[in-house]
Amino acid sequence: MPWQATVLTLFPEMFPGPLGVSLAGRALEDRLWRLSTLNIRDFAHDKHRSVDDTPAGGGAGMVMRANVAAGAIDAAVSAAPDLARIYLSPRGGPLTQKRVRDLAQGEGVMLFCGRFEGLDQRVIEGRQLEEISIGDYVLSGGEIAAMVMIDACVRLLPGIIGAEASLSEESFENNLLEYPHYTRPRVWEGREIPDVLLSGDHERIARWRLEQAEILTRRRRPDLLEKGGGATERARLQEETAWDGQTAPWTGDPIADP
Ligand code: 4GS
């Protein structure tokens, strides 16, 4: 069975939306992953099919009803019992590349998209939903957050990106922001591609890129450096240039550190 995303939403017509084009869209056509939506409103009981009600204790806005939400969740779980059960919410733990990697390696995700002020707390607890946030801002609904999560997972599925290296070198896999990228022409509006990138010296290029990544990370995201940003890259480069104790294969003479 391919990786599965089941989205519970009041607006199923929003899907696949952007997930239907480019990398994710092609992969969907190729059946490398599966998308299904459930309309939460189909689980409403009353004749007005209402899904929300006024908040207990008063206050602004509306709350998604527990029984309606639970009906949708239970239907999704009985169709696909082994998916991670997630409620997208700004109260959740932050979505990280590590969580994305783990989710992409599993069977798939069931994503509950909230609208209004939120979902009755008893459903979150009673159905053991994991709350995840895509960032510290407030959306009008969980659908776009769900698309963000699905997109981040799908691009990691086996068979989707050819170049594995382009995945392991990118931001957050190593707690470093990415080094700057360039392509032709060499000069554009008077701005040149840094000479080192045209030198053909792969060792120097690797060092320059690491240095640029570290400068950028220190300036913009010092919190990533605290988490050990760039440690593995520094170790790798160190190893590649650890002349100490090496001997020349042709004479056996010790090699002086250049
Ligand atoms: C997020 C977020 C979000 C919160 C949904 C207010 C409608 C809205 N979901 N990460 N109710 N940030 N959800 O803003 O995941």
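Read the numbers this way: they start at 1 and go in the same order the structure lists the ligands and their atoms. Note: hydrogens, waters and symmetry copies are ignored here, and every other heavy atom, side chains too, is used. As the structure is a prediction and not an experimental result, all values here were calculated from the model.
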Would you say Tyr137 and ligand 1 have an N/O pair spaced under 3.5 Å apart? yes

Counting only heavy atoms, which portion of Ala145 has something under 4.0 Å from ligand 1: side chain, backbone, both, or neither? side chain

Inspect the surroundings of CD in Glu13 and state if more than 12 heavy atoms from other residues, nucleotides or ligands are less than 6.0 Å away. yes

Whether the Gln4 and Glu107 side chains hold a donor-acceptor pair (N or O, under 3.5 Å, no angle test) is what I'd like checked. no

Does Arg26 pair with Asp30 as a salt bridge, N-O distance under 4.0 Å? no

With atoms numbered from 1 as shown, which atoms in ligand 1 lie under 4.0 angstrom from a non-hydrogen atom of Ser140? 7 (C)

Less than 3.5 Å between some nitrogen or oxygen of Gly114 and one of ligand 1, yes or no? no

Salt bridge or not between Arg115 and Asp52? Use side-chain N to carboxylate O under 4.0 Å. no

Ignoring hydrogens and angles, tell me if any N or O in the side chain of Trp3 forms a donor-acceptor pair with the backbone of Cys153 under 3.5 Å. no

Please say whether Gly118 places an N or O atom under 3.5 Å from an N or O atom belonging to ligand 1. no

State the atoms of ligand 1, each with its element, that fall below the 4.0 Å cut-off from a heavy-atom position in Ser133. 10 (N), 12 (N), 15 (O)

Can you tell me how the ring of Phe112 sits relative to the ring of Tyr87, calling it parallel under 30°, perpendicular over 60° and tilted otherwise? perpendicular

Atom indices of ligand 1, in the order listed, that fall short of 4.0 Å to a heavy atom of Gly135: 12 (N)

Taking 4.0 angstrom as the limit, do Glu233 and Arg209 come out as a salt bridge? no

Assess whether a salt bridge exists between Arg207 and Glu211, defined as any Lys/Arg side-chain N lying under 4.0 Å from an Asp/Glu carboxylate O. no

Among all protein heavy atoms, pick out the one at the shortest distance from atom 10 (N) of ligand 1; state its residue, atom name and that distance to 0.1 Å. Ile134 N, 2.9 Å

Considering residues, nucleotides and ligands other than Asp46, do more than 12 of their heavy atoms fall under 6.0 Å from its CG? yes

If we number the atoms of ligand 1 from 1 as shown, the ones under 4.0 Å from a heavy atom of Gly141 are 5 (C), 7 (C)

Of the protein's non-hydrogen atoms, which lies at the shortest distance from atom 11 (N) of ligand 1, and what is that distance? Phe116 O, 2.8 Å

Could you check atom 8 (C) of ligand 1 against the protein and tell me its nearest heavy-atom contact, residue, atom and distance included? Leu139 O, 3.4 Å

Could you tell me whether Gly142 and ligand 1 have an N or O pair separated by under 3.5 Å? no

Contacting atoms of ligand 1, where contact means under 4.0 angstrom from a heavy atom of Leu88: 9 (N), 15 (O)

Just let me know how Ser89 lines up against ligand 1, side chain, backbone, both or neither, with a heavy-atom cut-off below 4.0 Å. backbone

Considering only the protein, which heavy-atom contact is closest to atom 2 (C) of ligand 1, and what is its distance? Pro90 N, 3.9 Å

Salt-bridged, Glu173 to Arg101, with N to O below 4.0 Å? yes

Which ligand 1 atoms, with their elements, are less than 4.0 angstrom from a heavy-atom of Val138? 6 (C), 14 (O)

